[in-house]
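Written out below as C-alpha cells is the structure these notes cover.
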Amino acid sequence: MSENYQPHAIEVKWQQKWEDSRLYRSQVDWDKPKHYALTMLPYPSGDLHIGHWFAMTPSDARARWMRMKGYNVLFPMGFDAFGLPAEQAAISRNIHPWKWTYANLERMREQMRSMGAMFDWEREAISCTPEYYKWSEWFFKRFYEHGIAYRGSALVNWSETLQTVLANEQVIDGKDERTGQPVVHKMMEQWFFRITKYADELLNFEGLDWPEPIKIMQTNWIGRSEGARAAFHTAVGNHPIEIFTTRPDTLWGATFMVLAPEHALVDVITTPEQRASVDEYVKETALETEIERMLEHREKTGVFTGAYAINPVNDEKIPIWIADYVMITYGAGAIMAVPGHDQRDFEFAKAHDLPIRVVIQPGDMTEALTVEAMSAAYDGPGVMVNSDAMDGSLSSDAKGRKNPAIARVIDWLEATGKGEEAINYRLHDWLISRQRYWGGPIPMIYDGDEIIPVPDEDLPVLLPEDVDFMPTGRSPLTYHEPFFKVDETRRRETDTLDTFMCSSWYQLRYLSPDCDAAPFDAEEAAYWLPVDVYTGGAEHAVMHLLYTRFFTKVLRDLGLYDDAVAAMRRHGRDPEGAFDEPMTILRNQGQVLGGERQGDFVLCSGRAVGERMLAHRVEVVDWNQVPPGFDGVFGELAHRTEDVLHVEMAGITQFVKVERDAEVIIPDIPGKNNVNQLRHHLEIQRMSKSKGNVVNPDELVEKYGADVVRCYLMFNFDWQKGGPWNENNIKGPQGWLHDVWDIVVAGAPTSPGAADAERDIERKLHQSIAVINRGLEDFSFNTAIAEQMKFKNYLKAALREEKIGARCWWEIINPTLRLLAPFAPHIAEELWARLGFDYSVHTQSWPAYDAEKAREEQVDLVVMINGKPRETIPVDVDIAKELAVTLALESAAAKRSLSGEAPKRAIFIPGRNGTDPKVNVVV
RNA sequence: GCCUCCGUAGCUCAGGGGUAGAGCGCUCCCUUGGUAAGGGCGAGGUCAUGAGUUCAAAUCUCAUCGGAGGCUCCA
C-alpha cells in the first residue's frame, strides 16, 4: 500500500515552491481578460482568527477558479494598519504603535501564508507606512483644493472613552460602534468631507451587483426626502426659523412650532417668564443619552418658550415650544407642528393642550373629519381645506412633487417668496478628523485664522516616532512641540485622518504599491479597475462601503483617473463607467459562530442557606450519573457568575454558592481544580475570548492541514449566512481528501474496465463540472464541494467494482485534480506532481463542461395517476410524446386504475435538465 | 411599527409546478497489518401551519406562526 495523506509535509513544501516560483505574481497583460478579486483587508489586531479564514479562503478558491478559467487574476492583500487599538496598546503596555502594529502584521502575514491562498504579496499595501499615507495626505489636499474637504463647525459626536470625535456612521444608537460606550454631542470645529454633495449619486446603484440589504441600508442611511423649506419669523424681533417639511400641503395646519432644545435660537427667543422652565428643560435633555431620547412610545415632553412665530402662509401667530422629540441633528432642528396630520405633533398637542386643525379632508369618507372626533393624526390622501387659495387641491399618497397638492403649494411658495422646494438628507458630511496619534497626519498648517496646506513636495507630513503616551487620553501630537510648532506663528494640525479614509482607496494602492510619483499607476489602473468581485462583512455597509464609493466618484470628478481613461482608450478598451464605482460585484460572507456546548453535569453537596445552597464540594460526573441516595443539588451547569453556579435540572434552576475553599473535582482536569474550571452551557453565539468559544485556526491547521480547514469552512456553511462551529463535521471534508489521495496514489487500475461504466463515470464528471461551476459562480461553495464528494463516491465505487480501465482512469483523474485545485490547492498540486504532470496544477485550464458528455441516454419514464407517481418504465432520453403516452397507458398501474375506461386526460411532461420524463394520467 | 431574507432528514445545507436530495451524524454487519482508521448494508422528512390556483403544489398566491438582519420620534 502507498503512503498516507500527510498534509503538513506537503503544504509547507508547496507554499515555499509557489513563492519561489512567483506563481501568484499578477502582471498587466492586455491580451488577457482581467479579473480583480479583493477581500476586505484585515486590521492587524494580533492573531488571525477563524473569521479571517472564513472570509479569505473561499474568496481565494473563487479567484483561483477564475484564473484557471483563463482570466488574469489580481488577488492582493494588505493591512488597514492605523487605528486606536495600537494606540491603546501603547498607553496600557508601553509598546510603541509602530512596534505593536508591525509585530502583529508580520505574525498575521505568516499565518495567512498557511492558508495557501494565491495572494500576490509583491503588491502588499500597509496603510500606516509613510509610502502609503503620503498619498492619503495628497488626496486630502486635492479634496481641499476642490472644496470637498473643508473645516467647519458642527454638532459632532465626542467619545469621552476614546477622547476623539467620531463620524455619524461610527455611532450606533448613541454609542461608539467599537467600544459600545456612549458619545455626547458637542459643537466643535472639525475637518469634513462633503459627501452630501454626492448623496444623489450614491443612491444610484445601477450596474452594481450588490446584496439588496446593503443597498437598502445605504439608501436608508442617506435618507433622502423631498419637500419644501420655509422660514417662520418670530412675532417679536427678527429671528427667522428655518424649517423643512415633506408636507408643505399641510402648512395651513401648523398650529405651533417646536425647536430642538439645542437649537441656537432657543436662548434668543425665550421670554423672561419662561426662562427658568426652558433652561431646566434644556439641561434635562442634555443629560439624557441619545438612547433614552430615541425610546419608542415616550411621553411627549416639552416647554413653551413664551415666544410666537408668524406662519408665513396665513400670517397666523403660533406659539413656539421646545421638545426633545425634535432632533437637532435632522433637518433644520426645528419643525412646524401640524397635529392634525402628523402623529407625533398630534400626541404633543394632546399632551400640552395645543390646538389641532384639519387641513386635509379625506375625500371618500361620508363623514367629514373633525378635530373632536380625531383619535389620531390623519396622514392619508384627501383634499386641502382651510388653506385659503389652495383649498380643493388634491393631496395623494405620493411624496414630493408627484403629489399634486405638494407641487401646487411649492410653486405658490416659490412664486410668493415664502419658501422653496428642498431636498433633505439624513446623511451628514463625513467627519474625518480624529484627535488621535495613530492615523495619517492632516497636511495643514494654521497661521492665526489662516489655513495653509503643506506643499506637495513636503509630503508626507511624517508622524513623529519619539512621542510620549501620557495617560491624559490626549493625542501625544498635541504636546509634541517639534511636530506642531512650525515656527513662531504657525502651528501644524495635530488631528489625524479617520482610518476609513485610508481604506477608501487601498484597492488603488495595490495596483502599484511602490509607485512614488502618484498614488497609483495609470496603466495598471486602466487594466485592473474596477474591482470585479469584492468580498467582506456586511458590517461595513454604511461606513467603508459608502465611503469608498464616494471616494471613487470624487477622484473621477477631480480628473485623477484621466490618465487611466486615456490608457484604456490606447489599448482599445471602453472606459465608459469604469471609474464610477469601485467594486462591481459585492458579496458578504456570514459569520462563524461559536458552537453550542453542554455544561458540566455537577453534583453539589452542602447546606441550604435561604433559597440557595452553600456548597463545600462540587463534583463533575458523567451526564446524568447521580449516585443513589445523593441528596444535594445536581444538574447541568447552565451559567456561572463568579462563585455562584446556576444548576439546571428539568427546567428548574437552582443556585449554589461555592465556598472559597470548597473541594472541586473535575475528572478530566488533573490536579487541584477550582470553580473557574467548571464548564457552563454555551449557546450558539458570536465567538469571543470572554465566552471561551474561540476557535484557533493555527491549531486546526496543525491538526488537520490547511486544505481540510479550507474545505471544511467552504463546505459546512452557507458562506453568505455563516453558522455555528461544529468540529465534528470536519470529518466530511477530511474523509473526502483522504479518499482522493488514496484513489490517486493507488495508481491506474490494471483491470480492463467496462465500457458502460466508463461512459457513466465520464457522464457523472461532466454533470459535476456543471454543478461545481454554478456553485463557484454563486458563492455556494458548500454545494460545489458536496458535488465533488458525490463524484468521488461514484468514482470510488466504480473503481472498487473494477469497472474502470487504466485509460479511463487517467482521463478522469486529470480533470478531477484540476477541479480540486481551487479548493484544496496543496493536495491537488502534490497529486498532480506525483502523476508526473507539468507544474503547476494551478496554471492549468479549468475542465470544460461538455453537455453532450453529460447527457443521459436512458431515463425512467414516470407514470403518474392523478399526479401521484405509480410506476417507472425505462425509456430513451428523448422519447416522443406519443410513445410515452402509449407506454404509460399500457402500464400496469394505468390499467389498474382505468379498469377498461378511457382516461380523462394524459399529460406528457418531457424530461429536462436532469429530470425524468413523466406522463400524468387523469382518471 | 416598517423593510429585507429565511423555515426541507438529528445537524449543516441543495433543489424548486411533475419520483424528496447531498455531506456529516445515526443503526446493524464486516475488517482490526491503512488504525486517534477502513469497508458494506440500512433507517430517517405531511418540505413551519392553514387556505387558494392547477390534471399536478415542498415549489406559485394569500394569510398565520416562528427565526435572522437592518431601519425607526427622519419632520
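Quick caveat: nothing in here was measured; it's all calculated off a predicted structure. Here is how names work: the chains are called A, B, and so on, in the same order as the sequence lines, proteins then strands, and each is numbered from 1. Worth knowing before you read on, the calculation uses all heavy atoms, side chains too, and leaves out hydrogens, waters and symmetry mates.
A distance of about 14 Å separates the C1' atoms of B/G45 and B/G7, rounded to the whole Å. Spacing between B/A9 and B/G42 at atom C1', rounded to whole Å, works out to 14 Å. Atom name P, nucleotides B/G23 and B/G38: the rounded distance is 15 Å, in whole Å. Straight-line distance between the P atoms of B/G17 and B/A36: roughly 48 Å, to the nearest whole Å. The gap from the C1' atom of B/U8 to that of B/G15 amounts to 9 Å, rounded to the nearest Å. Distance noted for atom P between B/C71 and B/C11: 31 Å (whole Å). Between B/U72 and B/C3, the two C1' atoms lie 11 Å apart (nearest whole Å). Using C1' as the reference atom, B/A43 and B/G25 are 13 Å apart when rounded to the nearest Å.
Atoms NZ (A/K721) and C1' (B/G7) sit 9 Å apart, rounded to a whole Å. Look at CZ on A/F779: it is 18 Å from P on B/C13, rounded to the nearest Å. Atom P of nucleotide B/G67 and atom CG of A/D718 are separated by 20 Å, given to the nearest angstrom. Nucleotide B/A75 holds its P atom 15 Å from the CG atom of A/L251, rounded to whole Å. Nucleotide B/A75 holds its P atom 11 Å from the CD1 atom of A/I406, rounded to whole Å. Look at NE2 on A/H263: it is 17 Å from P on B/A75, rounded to the nearest Å. In this entry the distance linking CH2 of A/W210 with P of B/G70 reads 18 Å, nearest Å. A/R774 has its CZ atom 6 Å from the P atom of B/G15, to the nearest Å.
In this structure, A/D345 reaches neither bases nor backbone, as no heavy-atom distance under 4.0 Å exists between it and the strands shown. Contact annotation for A/N793: backbone-only contact, meaning every heavy-atom pair under 4.0 Å involves sugar-phosphate atoms and none involves a base. Residue contacts for A/M217: at a heavy-atom cut-off of 4.0 Å it reaches the sugar-phosphate backbone alone, with no base atom in range. Counting any heavy atom pair closer than 4.0 Å across all strands shown, A/N424 reaches no nucleic acid atom. No engagement by A/G590 is indicated, since no non-hydrogen atom pair under 4.0 Å with the nucleic acid exists.
Residue A/R344 places at least one side-chain N or O under 4.0 Å from the OP1 or OP2 atom of B/C74. One finds a side-chain N or O of A/S225 lying less than 4.0 angstrom from the OP1 or OP2 phosphate oxygen of B/A75. Side-chain N/O atoms of A/R426 include none lying less than 4.0 angstrom from OP1 or OP2 on B/C74. Between A/R224 and the phosphate of B/C74, there is no side-chain N or O to OP1/OP2 separation shorter than 4.0 Å.
Side-chain atoms of A/Y330 lie closest to B/A75 of the nucleotides B/U4, B/A75, B/G25. The listed nucleotides are B/C13, B/A22, B/C55; the one nearest the side chain of A/I907 is B/C55. Side-chain proximity of A/D324 to B/A14, B/C73, B/C55: nearest is B/C73. With B/C55, B/U4, B/A14 as the candidates, the nucleotide lying closest to the side chain of A/I216 is B/U4. Listed candidates were B/A22, B/C55, B/C73. Nearest to the side chain of A/A786 is B/A22. In this structure, of B/U4, B/A75, B/C55, it is B/U4 that holds the atom nearest to the side chain of A/P213.
Base orientation of B/G44: syn, the glycosidic angle falling within 90° of 0.
Closest approach of A/V266 to A/P261, counting heavy atoms only: CG2-O, 3.8 Å. Across all their heavy atoms, A/E226 and A/R401 have their closest contact at OE1-N, 4.0 Å.
Note on A/D209 versus A/R587: salt bridge recorded, some NZ/NE/NH1/NH2 to OD/OE distance being below 4.0 Å. Remark: A/K215 engages A/E212 in a salt bridge, criterion side-chain N to carboxylate O under 4.0 Å. Between A/E777 and A/R62, at least one side-chain nitrogen of the basic residue sits less than 4.0 Å from a carboxylate oxygen of the acidic one, meeting the salt-bridge criterion. Salt-bridge formation is not detected for the pair A/R247/A/D342: no Lys NZ or Arg NE/NH1/NH2 atom is positioned less than 4.0 Å from an Asp or Glu carboxylate oxygen.
The salt bridge (Lys or Arg N to Asp or Glu O under 4.0 Å) check on A/E699 picks up nothing, with sequence neighbours excluded.
Under the 6.0 Å cut-off for aromatic ring centres, A/F781 and A/F717 do not qualify, their centroids lying 6.0 Å or more apart. Annotation: A/F823 is not in aromatic contact with A/F715 [ring centroid separation under 6.0 Å not met].
One donor-acceptor pair, N or O on each side, does fall under 3.5 Å between the base of B/C73 and the side chain of A/K300. Applying the 3.5 Å distance criterion, the base of B/G23 shares no donor-acceptor pair with the side chain of A/N716.
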Problem set entry | Per-nucleotide pairing state of RNA chain B [Watson-Crick or G-U, under 3.5 Å; [ ] pseudoknot-crossing; | other strand] | (((((((..((((....[..)))).(.(((.......))).).....(((((..]....))))))))))))....

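Comparing A/D778 and A/K792 by the nucleotide of RNA chain B that holds the closest heavy atom to each, the one mapping nearer the 5' end is A/D778. Two residues, A/D342 and A/F908, neighbour RNA chain B, and the one matched to the more 5' nucleotide by heavy-atom proximity is A/F908.
A perpendicular orientation is assigned to the rings of A/F348 and A/W321, their planes being inclined by more than 60° (bins at 30° and 60°).
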